[in-house]
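Presented below is the structure to which this report refers.
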Amino acid sequence: MKGRASNPLVVNGALIGLALVALFPLFWMISVSLMQPGEAADVPPPLLPSDPTFENYLRLFGQTGMGRYFLNSLVLAVSATALSLFFNVTAGYAFAKLRFKGRDTIFRLLLAALVIPAQVAMIPLFLMLKEMGLINTYLGVLVPTMANVFGIFLVRQYALSVPTEMLEAARLDGAGEIRIFASIVLPALRPIIVTLGIFAFLASWNDFLWPLIVLIDDDMYTLPVAIAALSREHVQDAELMMAGAVVTVLPVLFLFLGLQRFYLRGLLLGSVKG
Amino acid sequence: MTAVALDSIRKSFGQTEILKGLDLEVRPGEFMVFVGPSGCGKSTLLRVIAGLEEADEGVVRIGGERVNDTAPAKRGVAMVFQSYALYPHMSVFENMAFGLKLSGRSKAETRQAVEAAAEALGVSHLLERKPRELSGGERQRVAIGRAIVREPKVFLFDEPLSNLDAALRVRMRYEFARLHERLKTTMIYVTHDQVEAMTLADRIVVLNAGRIEQVGDPMTLYHHPANLFVAGFIGSPSMNLLPGVLEAADADGARVRLETGETVRAAVDASAAAPGAAVTLGIRPEHARIGEGENRITARARFAELLGGTTVSYWEREGAEASFTLQAPGLHEPAPGEPAELGFQARDCHLFDARGAAFMRKG
């Protein structure tokens, strides 16, 4: 009994310790972004800014055009999320609940495609998009994110738990397939839609490699690409870099925290719902 | 004029033939029950009528019209599912109103219809609740309500009581009977529970392995089962089936020598069969008594189930594999191993030929 009583303290203590270790870089990123130019290079490095300032943020948005990059990232991430949800949810539902010839064969083929690493597909994809004239366009960034096997798989597995009788009841009530999808299926899939939406948004927001390959003009850059370019120009300016990092990380952090309740529910329900 | 007519319905899933050419007519206002063991095709047949499955062959008519190519919603049927199939994100009101809304009824009409159905089913106070806030019985009522508001020509019920506990099932059974009495609409009800079938049905369809074994009112099925399958399926506990050989058949009845050596008389016309033919004698547990009756067999008690009002006892006979079941009123607990003479009357006997078809009973 004594051993069991002390367990929560040890476990919670260890978790708090690990959380602090994980959060420290985030904390220091914010702290440095508020420091005076060159302050972070002092030895030993200061933990907190001696004279906090928003100067780095003003420079970031004023001189480096970060506002434009932020907007680019936001528009692309929102579009990628919307497109990916549209295609993945409709396809996942169709694979789970609609009867059509070759359904299982096509699904198995899709699953087999999961083993191909994204990097392997990049060069053929680049050449395809080049032929289509989509290089250096936003559409070129979006096309590969529109549907992905993992998303379809995730939705399909969740949609399998939607009772078929419920869909049949709607059919008997006179609802067409689109009505059934919109009025009955989408509300039932809400947790997995939120989960998938967060995945899609994060993937697009944080994506560095593909936008780097596809986008050529500076003013079309997304935040990760722009910050990488910025770091080459301002390699000594750690405070400005950290302000850029804060602008990149914080929105998705808040998005994740805000939707965490649905997100976790989605992951759990997908695994335990019978 | 028939409410529902099925003509040579066939249906396969892959290589498995589920319905093997079924013909059936359901009369207007009739409460028809499809009964049979799991996998016999009764639910598939109901789904073919509803339009949720397409028949591979044959014609489905509802109200005299061929509906093979008609969408489920346009067939004039409403269905209540085993799992209730309520829409979980909608309130009870929205669940019941969904079909009416889609059919373009006005808001006022919809509200009036939903409220009337809710009132009749005693769920008026639940209209604003979500299905997850309801008990099993309440959900079942809402599912019935959703069917009622559509004013269908035919109600289809697919094992609607299977998910309820025993007490609630008895109450809901009564409510189904009352509902039919009040609405007088044609109802087709699928169940594997023969008590539900016997208590609710005007006529019962007994299905087995994709074929109709017999159609008839409950008492016809009980007293005059057409074959061994129906004899064994209808009635609880099941009819005792004793293999034997026909010794003689005349105008008064048949004489059968059982595999255990006893000779018994059965009041059936077995003149179509030749002496020496293999037959099966059937006797219901409630028609056998200890030490009474013109036919006697010897047996030893194995165990008894005391049900309060009646006792069901199981007996073994030397030379026979199957045990003999006896149901008698009152409490009577024979000691295990106790020998006894079990008796039954010739008029209570059923007799089946080697292919399982019943000989005509006398009287």
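Residue numbering restarts at 1 for every chain, and letters A, B, ... go by the order of the sequence lines.
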(Q) Counting heavy-atom pairs closer than 4.5 Å to chain A, which one of B:K74, B:M90, B:R75, B:E53 comes out on top? (A) B:E53

**Q.** Partner residues of B:S91 under the side chain to side chain donor-acceptor pair (under 3.5 Å) criterion, sequence neighbours left out
**A.** B:E94

Q | Top contributor to chain B contacts, counting heavy-atom pairs under 4.5 Å, from A:G176, A:G174, A:A169, A:A175 | A | A:A169

Q: May I ask you to decide if the ring planes of B:F157 and B:F176 are parallel, tilted or perpendicular, using 30° and 60° as cut-offs?
A: perpendicular

Q | Mutual orientation of the aromatic rings belonging to B:Y87 and B:F98 [parallel < 30°, tilted 30-60°, perpendicular > 60°] | A | perpendicular

Q: Could you please state which residues from residues 143-152 of chain B sit under 4.5 angstrom from chain A, measuring non-hydrogen atom to non-hydrogen atom, sorted by number, or 'none'?
A: B:R146, B:R150

Listing, residues 120-128 of chain B side-chain donor-acceptor contacts under 3.5 Å, not counting sequence neighbours, or none:
| residue | atom | partner | partner atom | Å |
| --- | --- | --- | --- | --- |
| B:S124 | OG | B:E119 | N | 3.3 |

Q: Sort B:L100 into side chain, backbone, both or neither according to what part of it lies under 4.5 angstrom from a heavy atom of chain A.
A: neither

Q: Look at the aromatic rings of B:F31 and B:H180 and report parallel, tilted or perpendicular, splitting at 30° and 60°.
A: perpendicular

Q) For A:S183, is it the side chain, the backbone, both, or neither that has a heavy atom closer than 4.5 Å to a heavy atom of chain B? A) both

Q) Between B:A50, B:S83, B:A78, B:G51, which residue shows the highest count of heavy-atom pairs closer than 4.5 Å to chain A? A) B:S83

Check residues 144-153 of chain A and write down every donor-acceptor pair under 3.5 Å in which the side-chain atom is one partner and the other belongs to a residue at least two apart or another chain.
| residue | atom | partner | partner atom | Å |
| --- | --- | --- | --- | --- |
| A:T145 | OG1 | A:L142 | O | 2.6 |
| A:N148 | OD1 | A:F150 | N | 3.2 |
| A:N148 | OD1 | A:G151 | N | 2.7 |

Q. Do A:Y138 and A:N72 touch side chain to side chain, with heavy atoms closer than 4.5 Å?
A. yes

Q: Please name the pair of heavy atoms, one in B:L164 and one in B:G137, separated by the smallest distance, quoted to 0.1 Å.
A: CD2-N, 4.0 Å

